[in-house]
Amino acid sequence: MEKTATEAIQDHYPDDFAWCYGCGRLNETGHHFRTGWQGEKTVTVYTPEKEHTAVPGFVYGGVIASLIDCHGTGSASLALHRKNGHHIGDGSQPPRFVTASLHVDFMKPTPQDIPLQAVGTIEEIHPKKWKVHTEVFADDMLCARGEVVAVVMPSNFLSGNTEK
C-alpha cells in the first residue's frame with residue numbers, strides 16, 4: 001500500500017482554500033489528507049494518531065467520516081480537473097468542491113496504528129455535481145463505506161464574497 005499520494009490535488013488548492021481541518025495543507029493542526037489518482041480510482045492514505053481513539057485499539061468514527069468527506073471532495077476535484085484537460089501540477093488551478101451530502105456505513109471496527117486507505121470511484125451526476133463512492137481499508141479489511149455528493153464551490157465563495 002502507498003504511504004501517501006505522491007501527487008495530491010490538495011497540494012494545488014489556492015492558499016485561501018487550503019485551510020480545511022481534514023485536507024488543508026495550511027492547517028497546522030489538521031489531518032492533511034492527500035488525494036491522488038491510482039489508475040482510474042482515487043486514493044487517500046492516512047494513519048490516525050493516538051488521540052483519534054474511540055476505545056483503546058480502535059479509531060474514532062468521526063476521523064473515518066472526515067477521511068471519506070475530504071477524499072470525496074478531493075476526488076471530485078481530480079475528476080473535473082482531468083475532464084477539463086488538466087493534470088495535477090500542470091500549473092492550472094484545480095476546481096474546489098464542497099460537500100452537499102455525506103453518508104457513512106461502518107462495516108467493522110477500525111484498528112488503530114494501521115494506515116487507512118480510502119479508495120474512491122467517481123460518478124459525474126451533473127457538470128457541477130459529482131458522486132464519489134469510497135471504501136476505507138485497514139490493510140485488506142474493509143472498515144467503512146461512504147458516499148459523498150460534492151458540488152463545485154459557489155463562485156461567490158471563490159471571490160471572497162459570501163453575501164447573498
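These numbers come from the heavy atoms of this one structure, side chains and all, not from hydrogens, waters or symmetry mates.
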Pairs under 3.5 angstrom only: tabulate donor-acceptor contacts from the side chains of residues 67-78 to other protein residues two or more places apart or in another chain.
unit_1, atom_1, unit_2, atom_2, d
Asp69, OD1, Thr99, OG1, 2.4
His71, ND1, Thr44, OG1, 2.7
His71, NE2, Thr42, OG1, 3.0
His71, NE2, Ser75, OG, 3.3
His71, NE2, Gly120, N, 3.2
Thr73, OG1, Cys70, O, 3.2
Ser75, OG, Thr42, OG1, 2.7
Ser75, OG, His71, O, 2.7
Ser77, OG, Pro95, O, 2.5

Review point. How about Glu135 and Thr121: do any of their side-chain heavy atoms sit closer than 4.5 Å?
Key: no
Practice item. Could you tell me whether Arg25 and Asp11 have a side-chain N and a carboxylate O separated by less than 4.0 Å? Key: no
Point to revise | Contacts of type side-chain hydrogen bond (donor to acceptor under 3.5 Å, both in side chains), residue Asp16, not counting sequence neighbours | key: none
Point to revise | side-chain contact (heavy atoms from CB on, under 4.5 Å) against Leu26, all qualifying residues, sequence neighbours excluded | key: Asp15, Ala18, Trp19
Check your understanding: Which residues satisfy the side-chain hydrogen bond (donor to acceptor under 3.5 Å, both in side chains) test with Glu147, sequence neighbours excluded?
Key -> none
Review point. Any donor-acceptor pair under 3.5 Å linking the side chain of Asp90 with the backbone of His87?
Key: yes
Practice item. Could I get the full list of side-chain contact (heavy atoms from CB on, under 4.5 Å) partners for Asp105, not counting sequence neighbours? Key: His103, Met107
Practice item. Of all the heavy-atom pairs spanning Cys23 and Tyr13, show the shortest one and how long it is. Key: SG-CE1, 4.4 Å
Check your understanding: Going through the checks in order, is the side-chain contact (heavy atoms from CB on, under 4.5 Å) test met by Trp37 and Glu7?
Key -> CA-CA 8 Å; Trp37 288 109; Glu7 292 187 277; over 6 Å; no
Exercise for review: Would you name the heavy atoms of Ile88 and Ile9 that are closest together and state the gap between them?
Suggested key: CD1-N, 3.9 Å
Practice item. Give the minimum heavy-atom separation between Phe106 and Val104, together with the two atoms involved. Key: CZ-CG1, 3.5 Å
**Study point:** Sub-4.5 Å side-chain heavy-atom contact between Ser101 and Val148
**Key:** no
Practice item. Would you mind listing the cluster partners of Met141? Hydrophobic ones only (ILVMFWY), side-chain contacts under 4.5 Å, chaining allowed. Key: none
Exercise for review: Please name the pair of heavy atoms, one in Ala118 and one in Thr134, separated by the smallest distance, quoted to 0.1 Å.
Suggested key: CB-CG2, 3.8 Å
Review point. So do Pro94 and His86 actually touch side chain to side chain, heavy atoms under 4.5 Å?
Key: no
**Study point:** side-chain hydrogen bond (donor to acceptor under 3.5 Å, both in side chains) against Glu51, all qualifying residues, sequence neighbours excluded
**Key:** none
Review point. Taking 4.0 angstrom as the limit, do Glu123 and Lys129 come out as a salt bridge?
Key: no
Review point. Closest heavy-atom contact between Gln112 and Phe58?
Key: OE1-O, 3.4 Å
Review point. Can you name the residues that form a salt bridge (Lys or Arg N to Asp or Glu O under 4.0 Å) with Glu124, not counting sequence neighbours?
Key: Lys83
Point to revise | Close side-chain approach of Pro115 and Pro48, heavy atoms under 4.5 Å | key: no
Practice item. With sequence neighbours left out, write down each residue that passes salt bridge (Lys or Arg N to Asp or Glu O under 4.0 Å) with Glu28, or none if nothing qualifies. Key: none
Check your understanding: Residues in side-chain hydrogen bond (donor to acceptor under 3.5 Å, both in side chains) with His52, at least two apart?
Key -> none
Practice item. Please tell me if the side chains of Ile114 and Thr47 come closer than 4.5 Å, counting only heavy atoms from C-beta onward. Key: no
Exercise for review: Run through the side-chain heavy atoms of Ile, Leu, Val, Met, Phe, Trp and Tyr, join any pair under 4.5 Å, and report what else lands in Tyr21's cluster.
Suggested key: none
Point to revise | Worked verdict on Met153 versus Phe97 for side-chain contact (heavy atoms from CB on, under 4.5 Å) | key: CA-CA 5 Å; Met153 185 176 282; Phe97 280 76; over 6 Å; no
**Study point:** Ile125 side chain reached by Trp130 side chain, heavy atoms, under 4.5 Å
**Key:** no
Check your understanding: Taking the side chain as C-beta and beyond, is there a heavy-atom pair between Val45 and Phe33 under 4.5 Å?
Key -> no
Study note, to complete from the structure: Looking only at heavy atoms, the pair that brings Cys20 and Arg96 closest together is CB-NH2, 4.1 Å
Point to revise | Side-chain touch Thr35/Val43, heavy atoms, less than 4.5 angstrom | key: no
**Study point:** In one Ile/Leu/Val/Met/Phe/Trp/Tyr side-chain cluster, 4.5 Å: Ile122, Val149
**Key:** no
Exercise for review: Find the distance between CD1 (Ile64) and CZ (Arg145) and round it off to the nearest 0.5 Å.
Suggested key: 14.0 Å
Revision key, fill the gap. Contacts of Ala54 meeting side-chain contact (heavy atoms from CB on, under 4.5 Å) (sequence neighbours excluded), chain-then-number -> Tyr60
